[in-house]
Amino acid sequence: MNLVNTASYQANPDVSCREEEPGEGAILYNPDVDAVLAINNTSLLLWRALAQPATRENLVACLLANYEDAPADQIQGDVEAFLAALLPGGFIGEVLSPA
Amino acid sequence: MTTPEPTPTVLPVIAPFKSVEIALTGTCNLRCQYCYYANEMVALGNLPTETWLTFFNELGRLAVQRVTLTGGEIFTRRDFFTLLDGVIANRMRYSLITNGTLVDENIVAQFDVGKRRLRMDSIQVSIDGSSADVHDLSRPHSFERALRGLRLLKKANLPLNVRVTINRHNLHDLENVAAMLLEEVGLPSISTNSAMPMGAACANQEDIALTPAEKLEAMHILERLSAKYPGRLQAAAGPQANQKMYAEMEHASKTGEKTKRWEMGTLSACGCIFSKLAILHDGTVVPCHILHGVSLGNITTDSLEKIWQEHPALQSLRARRVIPMSRVPGCETCKWNSYCNGSCPGMAYEVTGDFNRANPEDCYRRFLEQTTNLPA
């Protein structure tokens, strides 16, 4: 069983997102830990997708739908980088599946 | 009087404001001798709960990160914790400014509900003396209650900040009040400032305002205390902050090496106008609570985004930072104008009626003319 691929993630509802000028990404702020993170436009797409629980596979599909010409391994890398950047500061969390 | 016009420039879109200072109420149970807000407390009415909650929703929509809640006295509002929960629900952190006298076990326990403790940056209480005999001269009938509130907050391990406002009553009690707060109460640090000539302080100048000689004496005392309690005395304004600023000006004039803490030689003091707004208790939007005479609109009728980006007064305040001190009236021939930044625009406005002037209260030339040299 590949636990990594089946995990679901969701945006922390306590995090605020201030979208910058069009095309310039956004600023995320987690008031619980007073952490700020600037994200680019690609990450902003993923952030919006995480309004609902989503797996890595869902996130890859989201980016593929928006960047049809991008290589799959680059998309995969972007999703991994996004999760690695947002999980530690509690900007997003892993959704626990029912036992 | 004429004010030098800043060079016309096209102002860029300003990054959104991150914090807002909010006077939740004009009601206060004290009548402090130097209250800068005393006139507004009398003149303006309070807003109802729903108006503030709607406003906090607006701040949430704008992704504002933190607010400071002040007054008046915040704990005179019976709906205080309802309002605080409105701040928290809108994804913000907060700081509180209180006189401490209404803080009791029930109020302290309320901070353990939900995310109230987690989201608190600080709670500031003012203590002006080591005894009622001193403290109550500037903050009447409040010492025992303020100290009790302070001890309750300390016991609850909330992030306390104690402010000592230096004035003529407590100048010679500073060593005692520092010992009481840092040793007996066990605070990690305290901050000092001095009473500004605003609000109630205008009527009580004789009692409150330090003379130049007393400012110098305060600097000497604070220097001794800083040596005794390293890193535990902080100041963003008042004698301790002024001494640091003046020392940096002296250093720059002797070595040509300018400080990196601020831009010397232009009216560049105050970064608040690039990151925050303030609201009076009737909803009036102002650049900050010191500039409470510069109305930018009202939260019940005007768009904060539009005010922030477009209001001419804010644009003028932001543009002042390019005005050379050598073009500021009264500073043209000053030997310090290459090293000065004009200090607080709010105080300049209060004293001269023009925020494009230097704040005379912090003027180093005047300080030197009226005193001997700085402490070493």
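Below, chains carry the letters A, B, ... as their sequence lines are ordered, and counting in each starts from 1.
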Side-chain touch B:Arg119/A:Asp14, heavy atoms, less than 4.5 angstrom: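 Yes, at least one pair of side-chain atoms sits under 4.5 Å.
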Considering only heavy atoms, which portion of A:Val36 lies under 4.5 Å from any heavy atom of chain B: side chain, backbone, both, or neither?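 For A:Val36, the contact with chain B is made by the side chain alone.
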In terms of heavy-atom proximity below 4.5 Å to chain A, should B:Arg66 be classed as side chain, backbone, both, or neither?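 Looking at B:Arg66, just its side chain touches chain A.
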Which region of B:Ile88, side chain (C-beta onward) or backbone (N, CA, C, O), has a non-hydrogen atom less than 4.5 Å from a non-hydrogen atom of chain A, or is it both or neither?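 No part of B:Ile88 comes within 4.5 Å of chain A.
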Does atom [atom1] of [X] have more than 12 heavy-atom neighbours from other groups under 6.0 Å away?
X: B:Lys115; atom1: NZ; value: yes
X: B:Arg261; atom1: CZ; value: yes
X: A:Gln52; atom1: CD; value: no

Using 0.5 Å steps for rounding, measure from the CZ atom of A:Arg18 to the NZ atom of B:Lys18.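 Going from the CZ atom of A:Arg18 to the NZ atom of B:Lys18 covers 6.5 Å.
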Do the side chain of B:Arg93 and the main chain of A:Asn30 share a donor and acceptor less than 3.5 angstrom apart?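 No: the side chain of B:Arg93 does not pair with the backbone of A:Asn30.
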